[in-house]
Amino acid sequence: MDPNRRDETRALAAEREAEFGWADPNTGAAQPCQGGAAPMPAAGPPYRVGADPAPVAEPFSRAELLEAMRRPARLIDLILAERARWMRTVSQGQNAALLAALMGLAGLLFALPYGLVLGLDRAWHIAALFLGSVAICWPSLHIFGSYLGLRVETGQSLALGLLVGAVASIFSLGFAPILWFLGATMDPRISAMTLGTISALLLGVALLVGLAQLRRCLKLRRADPSLGWLMVIWQGLVLFITYRMGCYLGFG
Amino acid sequence: MGSLARQALRLIVTSALYGFCIGSVHSLTFALRNLLKFPLLILGTAAVCSLACYLTSRAITRALDFRAVLGAVLGLFAQTSTLLASLGPVMLFLAQTIQDPDETGLGDYPLFLATHVIFVASCGSLALIRCTRGLSHRFALPAGRARLLMASWMALCLLVGSQFSWYLRPFCGVRTVQAPFFLGAEPDFRGATSFFEAIGDLVDPPPGRIEAAR
């Protein structure tokens, strides 16, 4: 079997295992429940940031991360579609700093089109909105995480925090053509408030998806209570700060 | 011809056919305009939403690449259009036989409009259910995930499609009122200049704006 194909299959198996409870180790196919019974629970202790979320998933190699830096489509896949491998890379910590840099790059790059739709002078506003808010909240994630006994290195917590900004920026990229279209078909003198409301709504959705992606990566349902509460409170803080940042930048 | 091109062609033909039928309630001019406007509405909506649909699908599952997403979205629209086209003769018959509006009232036009809305909603729902099942089987997606995917695509397409249809209006109308090819951001009788304002006006009618429009 081609090594790349094998890696892909193993990652898929890990993802399915994480999502459905268990997977066929050879094919990666999720196993159906027998007689309506619940899926087999995954063995092992509750998840912690320092532990392996899915034992079969391969972490991203340095070469893969550098390759993603050159190919935006690969970067989107790496962030959105390969959660098990993403989380494994963060857990292992070896390339976590590079991954964090990649998240920051994605947050900057993919936020540009939406900003350009708003206007040339506002091109940087979306990156400031998402990455700025996460940057403001990141120290609290790192310090509180350490305080609660989660052995997290700077690169790891930075990658976790920046994931929210990166995913939100990616979704803002998807919403950019929609906002442009709505702006082009509305009368700007009369519909400015409506368009502003829709824009705020789209950005809100993008942020919520970013927060949801972080939640999915951490598998909060299997986490110990302290990590669960920390993430819930931290996500609330990110929401609040992003709202304030949005008001400051004129999105409110 | 590729499957995407085939689906796009099917979509253009069937939506143009249905557009022609509902446009005929006003005049042949409106019917002929709809041959262009209806496919433009659907293809334009699909084009504007495609990137957002793709990114949404990547967040939910990695079973679909961009081509598969585009195929699924076009397939959904093509199925809806095909179902609608099959009801085209019904709408054509109604368009030719309804009691015309006059100075005293709108005649049977509200009935025609209600039938159109019911047909669109029914065909759209049926196609949505079928496409969700098809997506689930074809890409081995869990049913819940396929439903989530379709629901998010539908929300995106509604957001864009509703405003695009507002911009391209009128598709049909009472015979006594003439209108250009499309009205764009022209205010309606309540003064709303976009679909979202019109919905807002329905929920909370603005008396001042209605007076100004008069």
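In what follows, chains are A, B, ... by sequence order, proteins preceding strands, each numbered from 1.
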Subject >> Proximity breakdown for B/Leu168 and chain A, heavy-atom pairs closer than 4.5 Å >> reply: neither
Subject >> Over all atoms of both residues, closest heavy-atom pair of B/Ala52 and A/Gly174 >> reply: CB-O, 3.3 Å
Subject >> Heavy atoms of other groups near A/Arg122 CZ, more than 12 under 6.0 Å >> reply: yes
Subject >> For the student: nearest non-hydrogen atoms of A/Thr185 and B/Ala185, plus distance >> reply: O-CB, 4.0 Å
Subject >> More than 12 heavy atoms of other groups within 6.0 Å of A/Leu120 CG >> reply: no
Subject >> Engaged part of A/Ala184 at the chain B interface, taking heavy atoms whose separation is under 4.5 Å >> reply: backbone
Original post:
Which pair of non-hydrogen atoms, one from A/Phe181 and one from B/Val48, has the smallest distance, and what is that distance?
Top reply: CB-CG1, 3.9 Å
Original post:
Can you say whether A/Ile178 sits under 4.5 Å from chain B via the side chain, the backbone, both, or neither, judging by heavy atoms?
Top reply: both
Subject >> Residue A/Leu173 versus chain B: region with a heavy atom under 4.5 Å >> reply: both
Subject >> Value rounded to 0.5 Å, distance of CD in B/Gln163 from CE in A/Met186 >> reply: 4.0 Å
Original post:
Do you know which of A/Ile170, A/Ile76, A/Val167, A/Val205 has the most heavy-atom pairs with chain B at a distance under 4.5 angstrom?
Top reply: A/Ile170
Original post:
Should we say atom CZ of A/Arg74 is surrounded by more than 12 heavy atoms from elsewhere, each under 6.0 Å from it?
Top reply: yes
Subject >> Interchain contact, B/Thr56 with chain A, by part (heavy-atom threshold 4.5 Å) >> reply: both
Subject >> Under the side chain to side chain donor-acceptor pair (under 3.5 Å) test, residues paired with B/Asp65 that sit two or more places apart >> reply: none
Original post:
After noting the C-alpha distance and the side-chain angles of A/Leu195 and B/Phe196, does the key distance pass the side chain to side chain contact (heavy atoms under 4.5 Å, CB included) rule?
Top reply: CA-CA 9 Å; A/Leu195 196 60; B/Phe196 309 103; over 6 Å; no
Original post:
By a 4.5 Å heavy-atom criterion (distance strictly below it), what part of B/Phe66 contacts chain A: side chain, backbone, both, or neither?
Top reply: neither
Original post:
Taking atom CG of A/Leu78 and atom CZ of B/Arg58, what is their separation to the nearest 0.5 Å?
Top reply: 11.0 Å
Original post:
More than 12 foreign heavy atoms under 6.0 Å from CZ of B/Arg169: is that the case here?
Top reply: yes
